[in-house]
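FYI, side chains are in, hydrogens and waters are out, and symmetry mates aren't considered; it's all heavy atoms of this structure. In this text the structure is predicted, and so the values were computed from the model without any measurement.
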Amino acid sequence: MGENLQEEKAKQPPSREHLPRHIGFIMDGNGRWARQRGLPREMGHKSGAEAFRRIVRYCQEIGIPTITAYAFSTENWKRPKHEVDALMDLLGEYLADLSRFQKENVRLLVLGDVAPLREDLRASIIRAEEGSRNNTGMTVNIALNYGGRDEIVHAARKLAEACLRGEMAPEDIDEAALSGSLYTAGQPDPDVIIRPSGEMRLSNFLSWQSAYAELIFMRVLWPDFTPQHLNYALHQYAGRSRRFGGV
């Protein structure tokens, strides 16, 4: 868990052939970052949003095709309303910046159940997804009102409905069919999931897709997460043997 950013491997990413195709980020530690500085939690989320923009730009620069960022879980509604509202405002600001998506050739997708979200945020999601649909560069997934178990339930219902309509038989349901019914259908599973803040769990993030993901936990809080921290994590990933059950 300890990371010494004075090490050589924090200065540059691994060579391109050793980079993952898909990185999942659990953006954790915003509240603690603010508390350590005597600031309201909302300021931690604002700094976390800045870190997210910084990491998206760097991932694009080094050639990561896909990232998924855990922005708001199905459990986060339990937080105080003013904090939830501040988070939604920040997400709305990011989604509304269509010119940046076009300039950077980024395709943006939102993963999760958007029905409970504010009407203006739902409209921003539609505009961002439609406006970036034809972009051919990096794909940025934002997991918003997302839960891994909820996603699997959602996929199971879709398959059950297809069976009821006579479009498929129950025996046709296999791993490929379920994967194709998830929010991430058509995308590669994450090769690595990175969680800063010192917590060592996935917290209901990409439960199905992470079956063979490498897990990297770091002590740095998300607002302080830099390209150097990512380089360090990517070297950890590159140094692991991925056998997928083989020898």
Side-chain angles (χ1 to χ4, degrees), residues 22-34 41-60 64 66-98 100-101 104 106-129 132 138-151 154 182-184 187 190 192-197 199 201-207 209-210 213 218 220-225 230:
H22 185 172
I23 304 175
F25 291 102
I26 301 178
M27 303 185 294
D28 195 18
N30 296 339
R32 274 168 283 172
W33 183 92
R41 290 175 60 87
E42 291 85 343
M43 293 302 298
H45 295 307
K46 184 175 182 180
S47 292
E50 293 168 359
F52 171 65
R53 291 186 176 93
R54 179 169 66 234
I55 293 302
V56 168
R57 286 194 298 269
Y58 186 67
C59 284
Q60 187 175 40
I64 304 295
T66 305
I67 69 169
T68 298
Y70 205 3
F72 191 88
S73 77
T74 50
E75 291 78 28
N76 286 157
W77 294 106
K78 301 172 187 176
R79 295 183 178 186
K81 184 179 183 302
H82 63 86
E83 183 177 344
V84 171
D85 288 344
L87 272 166
M88 294 301 169
D89 288 342
L90 285 168
L91 288 164
E93 290 174 12
Y94 181 78
L95 293 167
D97 195 358
L98 280 174
R100 189 187 64 256
F101 301 147
E104 298 179 359
V106 166
R107 182 187 180 203
L108 186 129
L109 294 170
V110 172
L111 315 182
D113 180 10
V114 301
L117 302 179
R118 296 182 333 214
E119 183 177 354
D120 64 309
L121 194 55
R122 295 199 307 271
S124 291
I125 290 169
I126 292 171
R127 285 194 296 269
E129 290 187 333
S132 66
M138 181 184 188
T139 295
V140 175
N141 298 313
I142 297 181
L144 179 55
N145 194 31
Y146 173 90
R149 291 183 176 182
D150 182 72
E151 179 182 26
H154 179 266
L182 297 173
Y183 296 129
T184 53
Q187 299 187 28
V192 58
I193 293 177
I194 301 171
R195 181 170 190 164
S197 84
E199 303 293 348
R201 56 182 176 270
L202 289 179
S203 296
N204 204 17
F205 180 56
L206 299 178
S207 302
Q209 299 92 329
S210 65
M218 306 175 76
V220 59
L221 300 177
W222 177 253
D224 291 328
F225 196 87
L230 180 55

Do Thr66 and Gln187 pair up side chain to side chain, a donor and an acceptor below 3.5 Å, judged on atom types alone? no
Is there a donor-acceptor contact under 3.5 Å from the side chain of Asn76 to the main chain of Ser73? yes
Does Ser197 offer a backbone N or O that forms a donor-acceptor pair with the side chain of Arg32 under 3.5 Å? yes
For residues Pro223 and Ser47, report the shortest heavy-atom separation together with the two atoms involved. CB-CB, 3.8 Å
Hey, could you give me the CG/CG distance between Asn30 and Leu90, rounded to the nearest 0.5 Å? 9.5 Å
Any idea which heavy atoms bring Ile67 and Met138 closest together, and the distance? CG2-CE, 3.4 Å
Check for a donor-acceptor pair, side chain of Asn204 on one end and backbone N or O of Gly148 on the other, with a separation under 3.5 Å. yes
Glu119 atom CD: more than 12 heavy-atom contacts under 6.0 Å: no
Side-chain donor or acceptor of Glu129 paired with backbone N/O of Val110 under 3.5 Å: yes
Which atom of Leu111 lies closest to which atom of Tyr146, heavy atoms considered: O-CB, 3.7 Å
Side-chain (Asn145) to main-chain (Asp113) donor-acceptor, under 3.5 angstrom: yes
Checking Arg54 side chain against Phe225 main chain: does a donor-acceptor pair fall under 3.5 Å? yes
Here the gap from Phe205 atom CZ to Met27 atom CE, rounded to the nearest 0.5 Å, amounts to 8.5 Å
Where do Glu42 and Ala86 come nearest, in terms of heavy atoms and distance? CG-CB, 3.4 Å
Close side-chain approach of Leu117 and Leu91, heavy atoms under 4.5 Å: no
Working to the nearest 0.5 angstrom, can you tell me the gap between Arg79 CZ and Asp85 CG? 13.0 Å
Hey, does Arg201 have a side-chain heavy atom less than 4.5 Å from the side chain of Arg195? yes
Might you work through the side-chain contact (heavy atoms from CB on, under 4.5 Å) test for Ile142 and Tyr94, ending with a clear yes or no? CA-CA 11 Å; Ile142 297 181; Tyr94 181 78; 3.6 Å; yes
Mind checking the CG-OH spacing from Leu144 to Tyr70? Nearest 0.5 Å is all I need. 11.0 Å
Of all the heavy-atom pairs spanning Met218 and Ile194, show the shortest one and how long it is. SD-CG2, 4.1 Å
Kindly give the heavy-atom pair with the smallest separation between Phe101 and Leu108, and that separation in Å. CZ-CD1, 3.6 Å
In Å and rounded to the nearest 0.5 Å, what is the CZ to CZ distance from Arg57 to Arg100? 8.5 Å
Ignoring hydrogens and geometry, is there a side-chain-to-backbone donor-acceptor pair from Glu199 to Asp28 under 3.5 Å? no
CG of Leu182 to CD of Glu151, rounded to nearest 0.5 Å, is 4.5 Å
Test your reading of the model: is there a side-chain donor-acceptor pair from Arg122 to the backbone of Val114, 3.5 Å cut-off? no
Check this for me: does any side-chain nitrogen of one of Lys46 and Asp89 sit under 4.0 Å from a carboxylate oxygen of the other? no
Give a yes or no on whether Arg149 atom CZ has more than 12 heavy-atom contacts from other residues, nucleotides or ligands under 6.0 Å away. no
Per side chain to side chain contact (heavy atoms under 4.5 Å, CB included), Phe25 is matched among Pro196, Cys59, Pro190 by Cys59
